[in-house]
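What's counted below: heavy atoms across the whole structure, side chains too, no hydrogens, waters or symmetry copies.
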Amino acid sequence: MTTGKTPNIYSLVSVSSTSVNSLLTRRRRHKRNLSAAASTTSSPTAVSSVGGVRSTLSASSVNNTLSLDRKTLLRQKQAKQLQPNDKAWVRADLQQGCIHVHDRLTPSYPRAVLCTVDTTAGEIAARLGVPGPEKVSPAPALFAQLHGGAMRRLEDDEKPLQMQNEYLSNLGYGDPWRVQEEGMDPEIGCLIRFYAGKPQCVGGADRVQLTGVFNVRKGKLALPVNRWSRRHVTLSGTCLIVSSVKYAHTGKMHILPLIGGKVEEVRRHSHCLAFSSSGPQSQTYYISYDSYTEHLRWHRQAAKIVSQRVSSVDLSCCSLEELPSPLFYSQDLTHLNLKHNFLTGLTHLTRFCRLRSLNLSNNALSDFPLAVCDITSLTELNLQGNLLTSLPSVLGTMHNLQTLLLDGNSLNSLPADLCSLEALTYLGLSFNLFSCVPPALEKLRGVERLCLAGNQLSSLDMAGLQWLPHRHIDLRLNRLQRVVVGEAGLLCHVAQLDVRDAGLEELDVRTLSRLELLRCDRNTLTLLRVSGLALKGLHTAQNGTHTLTNMDTCCSNCPHCREWRDTYVLDISHNNIKELPIRLFCSASLRKVLVGCNGLRRLPERLEKSQLEVLDVQHNLLTELPHNLFIKAQSLRYLNASANKLECLPPASLSEESFSSLQELYLTNNSLTDKSVPLLTGHAHLRVLHLAYNQLQTFPASKMARLEQLEELDLSGNRLRAVPTTILSCRHMHTLSAHSNNITVFPEVLQLQDMKCVDLSCNELCEVVLPESLPAKLQELDLTGNPRLNLDHRSLDNIRCFRVDPSPSSLCGSEGPGEPAVWSHGYTEASGVNNKLCVAALALDSFCGSREALYGVFDGDRNVEVPYLLQCTMGDVLAEELHKSKNQEDYMTNTFLTMQRKLGTAGQRLGGSAALCHIRHGLVAPSDRGGGGCFTVTAANVGRCQAVLCRDGKALPLSTTHTVRQQSEYQRARQHHAIITEDNKVNGVTDSTRIMGYSFLCPAVTPRPHVSTVTLTPQDEFFILASRGLWDTMSTCEAVEAVRNVPDSLAAAKKLCTLAQGYGCPDSLCAVVVQLSITEDCCCCEPPPPPPSPGLETQHTPTAGNTHHHPGYGSADGTLPLPPPAMGTGSEVSSEVSTSEMSSEVGSTASSDEPANQTEKGVALGGRGGVLGRGAGVYGGGRASFQRQYSGALSDNGLDSEDEEPIAGVFSNGSRVEVEADIHCLRARPLPPPACQSAPTPPSSPPQLFPDHHPGAGSGSSSASRTLGGTLGRKGRGNGSVACQGRSQDVIEEVGDAPVRKQGGYFNAPAQPDPDDKLVIPPELEEEIREIMKQQEQSQTHPQGHQTHPQSPPAAEYYVTPF
């Protein structure tokens, strides 16, 4: 058996920034031919490993043509893929598998190479005929690349398949068989990729060197003695190198330094550049290039060099194994960056005699490079992220060294000779293996900062610090079990102490009498004693569930001094502090106080000469603020007093003249009344005002007129009946939120030219008259939840983006026609302060059949790409995993892991959080049915998105977060040499150790989710999914309590986001609230039919259990009936739905294979309902549903208001009337059985999901329509989403190809039409309606085909719609 060393595949990790390509762009078909530029390539036979492995892949013929059409390209792709017999061979043994090898010259479709875990890289390279490194040996070489980063040449004894399996296992796959299957997928190349030889076009190749043979001329062009000659030219480092002999690579070279010089285009000659050096004796070379592409590459790179002020070269992330020889011509080089390479031989570094800064971080160096000790000019040396275990004593000879970075290694001691580095001022030793403070540090008197974060220190000995010269001590992320107090007189030099995330329970640092900054956040402190004499900053937030009740801040040696006299910042939020020092606000230096999320009942009343600028007292028990707060603290700019019990506000001044500087005021979720509104007028500089969820009934117009500087106003959740008309005096207003009120008149806010967002949802608006010209910056106009709304149709032409109500004539996706809803949802999204929506929601009430549902929330933090891709693809991936995985946890886990591959190149450098909740019907034994547990919800999450279930009024978390605060997650990150920065982020990128994307951080950061499964009971009321911003501002219990008494799911979701914004969240927000109505009648021992796989043909066979009872009418045992598959379309009159537009949006994005035929697509659509499109067909039954081409954030079965209901089906838009005609009778009648129960339908009249013979009639699934809500003008995506591309799912844009025949306003109609209602039809539509009704009656009288139907119960009378 061939033996070899275990490969260290994670030495490939790179952080180079590459361009992010969209997943959708990557899947786009190439509709062009590959023409003459394609070089001659060959496709050798795929090679099997030694030891009896068969060579089963057929060889492709050598391509000698100059043009490849699409058929030839597909044939070559198919020839390089695994054949069925190859897959069978792989699946026969877990020790077998395949890797995909890309060609080094023309990386296109990879070749699948069969091998075993014992096959070495040398064997595979030899059989592929791969050339080895030039100038070394003709031995073949195989290269590996992780997540699109740097490439490493594999040693001959390394095992590629073992590397690949190890990578997938660390990614999160636990099943070896699944690891084997994933290895056979060609898309794995975005995670791990192999190359047959080093590719010519490697990232950063232009930065290494540019070389070629061009026409060169020296001197001035005007002199006739200077002629053009063909020379070999190289641009490397900081010099231009021109050979003196034609086509020569060696010999005499002319060196032209470019630092401080210039490069210019020569207009008299095409593709010509002039290179000039600096100084009085400058020289000029003219180079004429053969093409404009070469000219552009050289000009761009040379321009970067000449613009530098220092002589520096950046060769990071260039996959270098050795330094390029032309680089040594740059003798004036002072700064050299070589991080993230694979350098081994560094002996030639001594040739840079002027080098001052050298970066060798992340080069997998196991031994200290001794050559750098001979560079006497070196002042900065960076060796972070290597594998160093010891330092040589010769390091003490580098007397000019000032900065030495050794973080992220495996050091446990320092040599004694290190003390001779007298010029050293900074020494980084964080994230090593030190168990105590190294004694060598005592003699380094010039080092002011002790950096030992992330080591293995178990105690903090204050007495030992007295011998150290360091003023700043960083001991973060150590497991400090005790603190030994020292003598105060010997520790006066310590100014800053950082013990965050150290596990401390008590901390007494009163002996540090000159301490200026103390950081002890995220511990479990129950006792804190600190001297406040010289303290400038105290940060002790988030100290767990323990109470921080004893905070001694006095100076024991100065009993008469005033504490806090020099303090600038005080952050003691998220603790359980009951009282603050009485003289806290008397400090003239205090600028920022953060005391939110405590148990404060009152604030100190004494304010003298206060210079306070920021005050955060949210989430306390305050009933009032200090009466002289605004009078004394005239510098106060920011005040957040949300989530208290305030009933009134202090005055801004004692007279009419006010000197208040307040700009941002957050008072959300208090008990403020109308008496508080006049007190706001004294703050003339107020820009942001949040008064949501108080008890306001009126806002006087005269008071609003005095707030002229207002830019953002939130009045949601009150009892206002109108917005004051004087809001027009706020000319800088850009955001108005007033949802969940009783507003009946639309304010004239759209006359403000800076207006961006207007939210008037969940009110009682009856009419909206919009101006002819809308604000150019308007991004959102939300009018959902206004059932009596009447829009002027003339204004629709000018609106680009707004939200309207969904169609109410839809059924709940979880039940059949006429049956109660088991679940319904509402969602909302809100952009952050930068007006960038980086969140997305997925809400499918009908997923893989009506007895399943899928909900998700995705948060990209600061990027839009990843949430959008997750929203588009994750539903389809989960549907496929339902057929592959065996248990509930496996299919959810594999969904997230597969989605990591589906993100493609976008997931290499970007990432995002995700949370999914999947409701499905489970089998329950008859003895267990008393608990009502027929439905289960499976939740999975990564990152900071979370889900919580409300069970009997109590919060039941369904998810958890994974951060470095958990010991197991921290150990895994450290095991793979990750560094935790001061903001608690892995390598400074993300604070979550499990998240989607960011594959360049794997395996320190993985996408393996936390999965939990809960059986739903009648005590379960609702569950919430929300993004990171919501959970950063409130707990799960608070979120459940906030919306438990809100019956409307849309209003509940909006309340959560509004509360989060009122609590100071600056990020994008997304919340999904799913109302549950689980009863004991929901139990069904009959298993539901298996959902069809997307894109796969489903075979239906009749069984004895489904031939006697139609699914739409119940089963024999009287349990909950199963809804039938989609069987056609309703007969509605709609001018808003385009069937061709709807059908074009269906399809699965989970697979990159060729699309299935129409029959297969129809089967998949029928089984998935709202997953694949907005209108996936209607269930046959007693009525048809009416689906508009809108998207919305609400899903319910009725109106939001208890006022007088409008006439069903009539839509008035001012000048005309639009009618929704429901032609179906309302009695139950026999339905054609589904395809699996009936004889084959003749080809002449097949049932269609999206019929094309009624272009004006909309077809849509009743379940899907409620699932997606209703927002005007947005196309449905393949997964049921309705978000416009590049924006959010909750924002609607009017599509360009939407039908414009009947535009108008709409409002919510009752869910069930009343037979007594009279439909008013205008004369011009009367003949059209009669004709359509006549055709529908004929089609119902003469059903197509000869089918037998089960006997139905006696039918009721028909209700024919009268004119």
Side-chain angles (χ1 to χ4, degrees), residues 506-510 515-521 523 525-544 546-556 558-646 649-650 666-667 670 1063-1064:
E506 295 184 1
L507 182 60
D508 187 352
V509 291
R510 290 176 295 177
L515 189 65
E516 298 178 358
L517 177 62
L518 174 62
R519 294 182 179 272
C520 53
D521 307 88
N523 284 282
L525 292 175
T526 57
L527 176 64
L528 173 62
R529 291 180 177 176
V530 56
S531 173
L533 178 61
L535 199 64
K536 296 182 179 180
L538 175 61
H539 301 264
T540 176
Q542 300 180 19
N543 269 278
H546 293 257
T547 59
L548 187 63
T549 56
N550 190 347
M551 187 172 61
D552 186 1
T553 58
C554 296
C555 179
S556 58
C558 303
H560 302 290
C561 70
R562 295 172 57 185
E563 63 272 19
W564 312 103
R565 66 180 185 182
D566 295 327
T567 305
Y568 287 90
V569 180
L570 177 63
D571 183 3
I572 52 176
S573 57
H574 293 88
N575 289 289
N576 194 18
I577 300 176
K578 303 297 183 182
E579 188 177 0
L580 294 177
I582 192 172
R583 300 183 62 86
L584 176 64
F585 294 148
C586 296
S587 173
S589 61
L590 195 61
R591 296 292 188 273
K592 185 176 183 180
V593 176
L594 306 178
V595 292
C597 301
N598 282 284
L600 298 176
R601 297 184 178 275
R602 57 188 300 271
L603 295 178
E605 294 288 341
R606 300 186 62 177
L607 286 90
E608 300 176 3
K609 300 179 181 180
S610 176
Q611 300 295 322
L612 194 63
E613 297 180 1
V614 177
L615 178 60
D616 190 341
V617 295
Q618 62 173 302
H619 284 89
N620 281 285
L621 304 175
L622 302 176
T623 57
E624 62 178 0
L625 297 175
H627 66 282
N628 57 350
L629 175 63
F630 298 127
I631 300 176
K632 295 294 184 179
Q634 296 183 357
S635 300
L636 190 64
R637 296 180 294 102
Y638 176 96
L639 173 61
N640 193 329
S642 301
N644 280 284
K645 300 179 180 180
L646 299 178
L649 296 177
Y666 297 87
L667 299 170
N670 280 284
Y1063 298 158

What pair of heavy atoms forms the shortest contact from [X] to [Y], and how long is it?
{"X": "Pro581", "Y": "Pro604", "answer": "O-CG, 3.3 Å"}
{"X": "Val509", "Y": "Leu507", "answer": "CG1-CD1, 3.7 Å"}
{"X": "Asn575", "Y": "Asn598", "answer": "C-OD1, 3.0 Å"}
{"X": "Leu594", "Y": "Val614", "answer": "CD2-CG1, 4.3 Å"}
{"X": "Ala641", "Y": "Leu667", "answer": "CB-CD2, 3.9 Å"}

Is there a side chain to side chain contact (heavy atoms under 4.5 Å, CB included) between Leu615 and Leu636? Walk through the geometry before answering.
CA-CA 8 Å; Leu615 178 60; Leu636 190 64; 4.0 Å; yes
According to ring-ring contact (aromatic ring centres under 6.0 Å, His included), who are the partners of Tyr666, at least two apart in sequence or on a separate chain?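 Expected list: Tyr638, His690.
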Spacing of [atom1] belonging to [X] relative to [atom2] belonging to [Y], to within rounding of 0.5 Å:
{"X": "Gln542", "Y": "Cys597", "atom1": "CD", "atom2": "SG", "value": "9.0 Å"}
{"X": "Asn628", "Y": "Glu605", "atom1": "CG", "atom2": "CD", "value": "6.5 Å"}
{"X": "Asn644", "Y": "Glu624", "atom1": "CG", "atom2": "CD", "value": "11.5 Å"}
{"X": "His539", "Y": "Asp571", "atom1": "NE2", "atom2": "CG", "value": "6.5 Å"}
{"X": "Ser589", "Y": "Leu612", "atom1": "OG", "atom2": "CG", "value": "10.5 Å"}
{"X": "Leu584", "Y": "Thr567", "atom1": "CG", "atom2": "OG1", "value": "8.5 Å"}

Across all chains, not counting sequence neighbours, the side chain to side chain contact (heavy atoms under 4.5 Å, CB included) partners of Leu603 are Leu580, Phe585, Leu600, Val617, Leu622, Leu625, Pro626
Applying side chain to side chain contact (heavy atoms under 4.5 Å, CB included) to Glu506 and not counting sequence neighbours gives Thr526, Leu527
Quiz item: Is there a side-chain contact between Ile577 and Val595, using heavy atoms and a 4.5 Å cut-off?
Solution: no
Between Gln611 and Arg591, is any pair of side-chain heavy atoms under 4.5 Å apart?
yes
For [X], give me all partners under side-chain hydrogen bond (donor to acceptor under 3.5 Å, both in side chains), at least two apart in sequence or on another chain.
{"X": "Ser642", "answer": "Asn640"}
{"X": "Arg606", "answer": "Glu608"}
{"X": "Asp521", "answer": "none"}
{"X": "Asn620", "answer": "none"}

In Asn543, Ile572, Leu518, the residue satisfying side-chain contact (heavy atoms from CB on, under 4.5 Å) with Leu528 is Leu518
So the salt bridge (charged side-chain N to carboxylate O under 4.0 Å, His left out) pairs with at least one residue in residues 625-640 (sequence neighbours excluded) are Glu613-Arg637
Could you go through Asp616 and Ser573, starting from their C-alpha distance and side-chain angles, then the distance that decides it, and tell me whether this counts as side chain to side chain contact (heavy atoms under 4.5 Å, CB included)? CA-CA 9 Å; Asp616 190 341; Ser573 57; over 6 Å; no
Do any pairs count as a ring pair (Phe, Tyr, Trp, His ring centres under 6.0 Å) and have a residue in residues 588-612, sequence neighbours left out, and if so which ones?
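Residue pairs with at least one partner in residues 588-612: there are none.
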